[in-house]
Novice: 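Just dropping this structure here.
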Amino acid sequence: MKPDLFEAPDYFNIDDLLSEEHKLVRDAARSWVKREISPIIEEYAQKAEFPKQIINGLAEIGAFGPYIPEEYGGAGLDQISYGLIMQEIERGDSGVRSTASVQSSLVMYPIWKYGSEEQRQKYLPKLATGEFMGCFGLTEPDHGSNPGGMITNFKDKGDHYLLNGAKMWISNAPFADIAIVWAKNEEGRIHGLIVERGMEGFSTPETHNKWSLRASSTGELIFDNVQVPKTNLLPGKSGLGAPLGCLDSARYGIAWGAIGAAMDCYDTALRYAKERIQFDKPIAATQLQQKKLAEMLTEITKAQLMALRLGQLKNENKATTAQISMAKRNNVDMALKIAREARQVLGGMGITGEYSIMRHMMNLESVITYEGTHDIHLLITGADITGMPAFK
Ligand SMILES: Cc1cc2nc3c(=O)[nH]c(=O)nc-3n(C[C@H](O)[C@H](O)[C@H](O)COP(=O)(O)OP(=O)(O)OC[C@H]3O[C@@H](n4cnc5c(N)ncnc54)[C@H](O)[C@@H]3O)c2cc1C
């Protein structure tokens, strides 16, 4: 793979709107990605393996629980810093960002927000250092966009719960130490349970043959009469709103992360277009390639402003689920379109692993589907502005 010469576009001087802390956090993540991710990621994506050796580094740049308070081992940063870290990691690879998103927003967040004090003390510090890795089980084989229909369930057996069912498409599942599992009780109410690797009847087979997020490990969660201690139930919140609250946090991070992938594709295409000579001049001097590059930068700039404003709203606890949906949908779609255009700027070279673009493009096909599909986020906006949900 080519050396990482990435330079981040900032056409509207958005850096001027960031604090010194934001820039420090962002720059630390940026140099870590250049040093630790760029040199190895193509190889791991090609062999479809998660590079486990990066876990310590992810923890050190604050990627595990950036906004979780320091008393629980988190970095105690604000939401904009969280977003910037996700942007930088996804600039390297969406699969690595997925691992960090799951750990932070889908595992640490529910334990922090819905867990007991004992659960917080037991799990959060270890999750923050990467000593424990976690996964989040919501999606089932027959319930993806409609998780409320889930059939995974648990029964009260007096001194423990008995868990049965299956989850699929679960990021980090094959190596996770713990799983936050969403399941229905006997009354049909959804609760979160902390299931630990090693509990009898719990297995996590890996999902193979993915053409997307190849450097992220994906698997199933299978529960065959798993006895879960009662102390592992998250007591603070139940109902579908509990997992959806976690998804709000993760989707917000994705809205930033997608900008990273788009910036990398744009930057690669710009550099290539300036160097590639056809018909005796750089292709960057042709109107058609300039149109592509100018439109990419315009879309990146709009996405940056949207993410930053959403971050300000998140910091004030004012961001709505519908606003987060709009930003996730817009920014991922923007990144995928830019990846496709940037790939064309590179001609045949664009399809090789010499450059990051094709990997980003394939990754983004998952990102546009997980954490709520492109369609579902549109329906969330539609329901919000009309008051008429069109899901059914
Ligand atoms: C690589 C990867 C990692 C993932 N990681 C996780 C994870 O860690 N944890 C987890 O719980 N899940 C995870 N997922 C699952 C992901 O969230 C689901 O794939 C997603 O929610 C869509 O569900 P589905 O695949 O069952 O598609 P479906 O829900 O079957 O949707 C199929 C199509 O129908 C459309 N559709 C559905 N309902 C409607 C409607 N009412 N109106 C119009 N169109 C509709 C959808 O937009 C989509 O285009 C992951 C998925 C992938 C691919």
Side-chain angles (χ1 to χ4, degrees), residues 64-74 76 101-129 131-140 143 147-167 170 172-173 176-202 204 221-252 314 317 321 371:
F64 296 157
Y67 53 81
I68 300 286
E70 285 166 301
E71 59 177 306
Y72 298 119
S101 287
V102 168
Q103 182 87 341
S104 298
S105 287
L106 301 182
V107 179
M108 296 179 75
Y109 178 91
I111 294 175
W112 175 43
K113 285 285 176 188
Y114 317 143
S116 65
E117 190 52 33
E118 202 187 0
Q119 290 167 342
R120 290 187 196 120
Q121 300 286 354
K122 180 174 175 189
Y123 297 106
L124 291 178
K126 288 186 173 156
L127 289 162
T129 60
E131 185 183 339
F132 277 0
M133 293 300 293
C135 67
F136 174 91
L138 181 65
T139 305
E140 299 189 351
H143 299 93
M150 69 173 65
I151 49 179
T152 298
N153 66 87
F154 62 97
K155 292 190 169 57
D156 191 333
K157 293 289 177 186
D159 62 342
H160 65 269
Y161 297 120
L162 198 64
L163 178 65
N164 277 290
K167 302 284 177 180
I170 308 306
N172 299 355
D177 303 287
I178 63 168
I180 303 293
V181 177
W182 300 95
K184 284 181 177 165
N185 68 9
E186 284 144 291
E187 287 77 49
R189 181 114 185 129
I190 295 172
H191 286 266
L193 295 162
I194 305 171
V195 179
E196 298 180 17
R197 182 169 300 281
M199 287 181 175
E200 212 178 314
F202 174 43
T204 60
L221 304 177
I222 295 170
F223 315 104
D224 180 10
N225 286 320
V226 181
Q227 293 188 14
V228 181
K230 286 197 154 173
T231 48
N232 282 28
L233 182 111
L234 297 175
K237 188 158 178 170
S238 62
L240 190 58
L244 294 186
C246 308
L247 292 176
D248 270 357
S249 178
R251 290 166 178 170
Y252 164 75
K314 281 279 280 173
N317 272 326
T321 295
E371 304 262 0

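Note that the coordinates shown come from a computational prediction; the quantities given were computed from them, not determined experimentally.
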Novice: Search all heavy atoms of E140 against all heavy atoms of A166 and return the closest pair with its distance.
Specialist: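 For E140 versus A166, the nearest heavy atoms are CG-O, 3.4 Å.
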Novice: Do V195 and L221 make a side-chain contact, defined as non-hydrogen atoms from C-beta onward lying under 4.5 Å apart?
Specialist: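 SC-SC contact between V195 and L221 ruled out.
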Novice: Between CG of N153 and CG of L163, what distance do you get to the nearest 0.5 Å?
Specialist: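 Result: 7.5 Å between the selected atoms.
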Novice: Taking atom CD of E117 as the centre, report whether more than 12 heavy atoms of other residues, nucleotides or ligands fall under 6.0 Å from it.
Specialist: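 Yes, enclosed.
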Novice: Taking all heavy atoms of R120 and all of P125, pick out the closest pair and write down the distance.
Specialist: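 That would be O-CD, 3.4 Å.
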Novice: For R189, is there any backbone N or O sitting under 3.5 Å from a side-chain donor or acceptor partner on N185?
Specialist: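 Yes.
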Novice: Quick check: do T152 and N164 have side-chain heavy atoms less than 4.5 Å from each other?
Specialist: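 A side-chain contact is absent here, since even the closest heavy-atom pair is not under 4.5 Å.
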Novice: With sequence neighbours left out, write down each residue that passes side-chain contact (heavy atoms from CB on, under 4.5 Å) with E70, or none if nothing qualifies.
Specialist: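 E70 satisfies side-chain contact (heavy atoms from CB on, under 4.5 Å) with no other residue.
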Novice: State whether the number of non-hydrogen atoms from other residues, nucleotides or ligands found under 6.0 Å of I151 atom CD1 is greater than 12.
Specialist: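 Not more than 12 within 6.0 Å, no.
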Novice: For a 4.5 angstrom cut-off between non-hydrogen side-chain atoms, does K113 reach C246?
Specialist: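 Side chain of K113 against side chain of C246, heavy atoms only: no contact under 4.5 Å found.
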Novice: Starting at CD1 of I222, measure out to NZ of K167 and round the result to the nearest 0.5 Å.
Specialist: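 Answer for the CD1-NZ pair, I222 versus K167, is 13.0 Å.
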Novice: What do the steps show when you test F202 against E196 for side-chain contact (heavy atoms from CB on, under 4.5 Å), and what is the final call?
Specialist: CA-CA 8 Å; F202 174 43; E196 298 180 17; over 6 Å; no
Novice: Verify, without hydrogens or angle tests, whether K184 (side chain) and G148 (backbone) share a donor-acceptor contact under 3.5 angstrom.
Specialist: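 Yes; judged by distance alone, with no hydrogens or angles, the pair exists.
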Novice: Run the side chain to side chain donor-acceptor pair (under 3.5 Å) test against Y114 and tell me which residues pass, sequence neighbours left out.
Specialist: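 Testing Y114 for side chain to side chain donor-acceptor pair (under 3.5 Å), a comparison that skips the adjacent residues, returns none.
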Novice: Considering residues at least two apart in sequence or located in another chain, which fulfil the ring-ring contact (aromatic ring centres under 6.0 Å, His included) criterion with Y161?
Specialist: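 F154.
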Novice: For F132 and Q103, which heavy atoms make the closest approach, and how far apart are they?
Specialist: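 In terms of heavy atoms, the two residues are closest at O-NE2, 2.9 Å.
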Novice: Grab the two heavy atoms, one from G74 and one from A128, that are nearest each other, plus how far apart they are.
Specialist: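 That would be N-CB, 4.3 Å.
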Novice: Would you tabulate the side-chain donor-acceptor contacts of residues 105-112 under 3.5 Å, counting partners in other chains and residues two or more places apart, or write 'none'?
Specialist:
| from | atom 1 | to | atom 2 | distance (Å) |
| --- | --- | --- | --- | --- |
| S105 | OG | Y67 | OH | 3.1 |
| S105 | OG | Y82 | OH | 2.7 |
| S105 | OG | S249 | OG | 2.8 |

Novice: Does L162 reach the side chain of Q227, with side-chain heavy atoms less than 4.5 Å apart?
Specialist: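 Yes. Closest side-chain heavy atoms under 4.5 Å.
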Novice: Would the number of heavy atoms belonging to other residues, nucleotides or ligands and lying under 6.0 Å from CD of E118 be above 12?
Specialist: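 Atom CD in E118 is not crowded, with 12 or fewer foreign heavy atoms closer than 6.0 Å.
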Novice: Mind checking side chain to side chain donor-acceptor pair (under 3.5 Å) for D177 and listing every partner two or more places apart, or none if nothing turns up?
Specialist: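 If we apply the side chain to side chain donor-acceptor pair (under 3.5 Å) test to D177, skipping adjacent residues, there are no hits.
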Novice: Less than 4.5 Å apart, side chain to side chain, heavy atoms only: is that true for L193 and N232?
Specialist: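 A side-chain contact is absent here, since even the closest heavy-atom pair is not under 4.5 Å.
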Novice: Measuring only between side-chain heavy atoms, which start at C-beta, is M150 closer than 4.5 Å to L138?
Specialist: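 Yes, side chains in contact.
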Novice: Please list, chain by chain and in numerical order, all residues satisfying side-chain contact (heavy atoms from CB on, under 4.5 Å) with T139, sequence neighbours excluded.
Specialist: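 Here the qualifying residues are W169.
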Novice: Where do F136 and V102 come nearest, in terms of heavy atoms and distance?
Specialist: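 Smallest heavy-atom distance, with atoms named: N-CG1, 4.2 Å.
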Novice: Would a distance-only check, ignoring hydrogens and angles, find a side-chain to backbone donor-acceptor pair under 3.5 Å from K230 to G158?
Specialist: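 Side chain of K230 to backbone of G158: a pair is present.
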Novice: Check P229 against M199 and note the closest heavy-atom contact, atom names and distance.
Specialist: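 Where P229 meets M199 most closely, the heavy atoms are CD-CE, 3.6 Å.
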Novice: Please tell me if the side chains of I180 and I194 come closer than 4.5 Å, counting only heavy atoms from C-beta onward.
Specialist: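 Heavy-atom side-chain distance check passes, below 4.5 Å.
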